[in-house]
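What follows is a single structure, written as structure tokens, with notes after it.
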Amino acid sequence: GSVSQDVARQIKTYLSSKLNVHFIDVGQADSILILKDNDAMLIDGGNKADADLIINYITSHNIRTLKYVVATHPHEDHIGGLSEVIRTFDVEKVIMPDVIATTQTFEHLLLAISDSDLKITRPVYGDTYELGNAIFEILAPNASSYTNINNYSIVIKLINGSNSFLFT
């Protein structure tokens, strides 16, 4: 009766207020899905061969919109699947460092962003963004140029109530 419906509603409210961090298994590559309230963020998209796995994983959680897609840096094992992800889901904001790679994978990513009428948001040290009622802050990159492409990598501190996560 109504008691079980009330309990179900309370459980749903409790679960939806939680922050969920999913480390998608893409081998030695990187892909992290973060869910908070009705917002979703994807940090990195594994290798090109991981695109279907990542898309299926996101879809299995009934997600149609990604508020943020973060490409930490333009190496293939971080951006490989992102062009297909961007073509598959409604993406609100793409955050990428101001560094280029002369690879086909990087060119495909730029084309997907352009074809989706998106603009690239550059990470600025100290900038904050909302993800549901959580926030995340850009901690790196914190200089304008580096000799190693890895040093351009985006580092995010995600704060959810009294808990925080560092995504490096």
Side-chain angles (χ1 to χ4, degrees), residues 12-26 29-47 50-51 53-55 57-75 77-101 106 109-110 112-113 116-146 148-168:
K12 188 174 184 202
T13 301
Y14 170 74
L15 289 174
S16 69
S17 70
K18 286 173 64 174
L19 174 76
N20 292 284
V21 178
H22 301 257
F23 294 91
I24 303 171
D25 185 1
V26 287
D30 194 33
S31 189
I32 303 165
L33 177 67
I34 304 169
L35 308 175
K36 176 62 180 168
D37 302 321
N38 293 317
D39 289 344
M41 170 167 67
L42 184 70
I43 301 175
D44 289 341
N47 289 297
D50 299 318
L53 184 153
I54 293 166
I55 289 166
Y57 190 89
I58 295 169
T59 304
S60 75
H61 288 83
N62 297 316
I63 296 163
R64 291 179 183 82
T65 301
L66 293 168
K67 187 168 185 177
Y68 307 100
V69 169
V70 178
T72 57
H73 67 285
H75 281 148
D77 58 334
H78 291 264
I79 65 165
L82 289 183
S83 57
E84 290 305 313
V85 166
I86 288 168
R87 292 183 188 284
T88 303
F89 300 97
D90 291 327
V91 174
E92 294 179 18
K93 190 177 288 280
V94 175
I95 303 173
M96 290 172 54
D98 192 10
V99 61
I100 60 167
F106 186 70
L109 176 56
L110 294 181
I113 291 167
S116 301
D117 289 327
L118 290 162
K119 290 186 171 36
I120 295 170
T121 298
R122 299 299 184 195
V124 175
Y125 175 80
D127 276 5
T128 58
Y129 298 89
E130 292 181 2
L131 185 71
N133 68 0
I135 62 163
F136 67 92
E137 180 181 5
I138 304 293
L139 299 184
N142 53 21
S144 55
S145 68
Y146 299 96
N148 185 323
I149 201 166
N150 282 312
N151 293 342
Y152 284 93
S153 293
I154 296 174
V155 175
I156 289 172
K157 181 179 183 180
L158 177 66
I159 303 159
N160 182 54
S162 60
N163 297 310
S164 65
F165 295 80
L166 200 58
F167 297 99
T168 61

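Residue numbers start at 1 and run along the sequence shown. Computed from a prediction, not measured in an experiment: that's the story for all the values here. For the numbers below, each heavy atom of this structure counts, side chains included, while hydrogens, waters and symmetry mates do not.
Under the side-chain contact (heavy atoms from CB on, under 4.5 Å) criterion, Ile135 pairs with Glu130, Ile159, not counting sequence neighbours. For Tyr57, the ring pair (Phe, Tyr, Trp, His ring centres under 6.0 Å) criterion is met by His22, His61, not counting sequence neighbours.
Counting heavy atoms from C-beta outward, Val21 and Ile32 have side chains that approach closer than 4.5 Å. Between Val91 and Leu118, the closest side-chain pair of non-hydrogen atoms falls below 4.5 Å. Side chains of Asp90 and Leu66 form no contact here, defined as non-hydrogen atoms less than 4.5 Å apart. A heavy-atom distance below 4.5 Å is found between the side chains of Ile34 and Leu131. Counting heavy atoms from C-beta outward, Asn150 and Tyr152 have side chains that stay 4.5 Å or more apart. At least one side-chain heavy atom of Val99 sits under 4.5 Å from a side-chain heavy atom of Pro74. Contact annotation: the side chain of Ile95 never approaches that of Val69 to less than 4.5 Å [non-hydrogen atoms, C-beta and beyond].
The number of heavy-atom neighbours closer than 6.0 Å to CG of Asn142, taken from other residues, nucleotides and ligands shown, is above 12. Counting heavy atoms of neighbouring residues, nucleotides and ligands inside a 6.0 Å radius, atom OH of Tyr125 does not exceed 12 of them. Applying the 6.0 Å contact sphere to CD1 of Ile149 captures more than 12 heavy atoms from other residues, nucleotides or ligands.
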Next item on the list: Tell me, with the steps shown, if Ile113 and Ile120 meet side chain to side chain contact (heavy atoms under 4.5 Å, CB included).
Entry: CA-CA 8 Å; Ile113 291 167; Ile120 295 170; 4.0 Å; yes
Note to self: side chain to side chain contact (heavy atoms under 4.5 Å, CB included), that's the test. Do Ile86 and Thr88 meet it? Break it down for me.
What the structure shows: CA-CA 5 Å; Ile86 288 168; Thr88 303; over 6 Å; no
Next item on the list: Go through Tyr129 and Leu158 one step at a time and tell me if the side chain to side chain contact (heavy atoms under 4.5 Å, CB included) criterion holds.
Entry: CA-CA 9 Å; Tyr129 298 89; Leu158 177 66; over 6 Å; no
Check: Given the rule in the side chain to side chain donor-acceptor pair (under 3.5 Å) test, do Thr72 and Asp44 qualify, once you have shown the distances and angles that lead to the verdict?
Finding: CA-CA 6 Å; Thr72 57; Asp44 289 341; 2.8 Å; yes
Next item on the list: Please step through side chain to side chain contact (heavy atoms under 4.5 Å, CB included) for the pair Phe106 and Met96, ending with a clear verdict.
Entry: CA-CA 11 Å; Phe106 186 70; Met96 290 172 54; 3.6 Å; yes
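Taking OG1 from Thr65 and CD1 from Ile58, the interatomic distance works out to 11.5 Å, rounded to the nearest 0.5 Å. Atom CG in Asn133 sits 9.5 Å away from atom CG in Leu19 (nearest 0.5 Å). One distance of note links CG of Asp30 with OG of Ser153; it measures 9.5 Å at 0.5 Å rounding. To the nearest 0.5 angstrom, Ile79 atom CD1 is 10.5 Å from Asn47 atom CG. Between atom CD1 of residue Ile24 and atom CG of residue Leu53 there is a gap of 7.5 Å, rounded to the nearest 0.5 Å. To the nearest 0.5 Å, atoms NZ (Lys157) and CG (Leu139) are separated by 7.0 Å.
What you find for Gly81 and Ala51 is that their closest heavy atoms are CA-CB, 3.9 Å. Pro123 and Ile138 get closest at one heavy-atom pair: CB-CG2, 3.8 Å. Contact detail for Asn151 and Tyr146: the closest heavy-atom pair is O-CE1, 3.4 Å. Residues Asn160 and Ala134 share a closest heavy-atom pair of OD1-CB, 3.7 Å. The two residues Ile54 and Gly45 make their nearest non-hydrogen contact at CD1-O, 3.2 Å. The heavy-atom pair separating Thr59 from Phe89 by the smallest distance is OG1-CZ, 3.6 Å.
Using bins of under 30°, 30° to 60° and over 60° for the plane-to-plane angle, the ring pair His73/His78 lands in the tilted bin.
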Check residues 161-168 and write down every donor-acceptor pair under 3.5 Å in which the side-chain atom is one partner and the other belongs to a residue at least two apart or another chain.
none

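Judged purely by distance below 3.5 Å, without hydrogens or angles, the side chains of Asn20 and Lys36 never pair a donor atom with an acceptor atom.
Looking at Asp37, its side chain never comes within 3.5 Å of a backbone N or O of Gly132 through a donor-acceptor pair.
Checking Glu92, Lys93, Met41 one by one against Lys67, the side-chain contact (heavy atoms from CB on, under 4.5 Å) holds for a single residue, Glu92.
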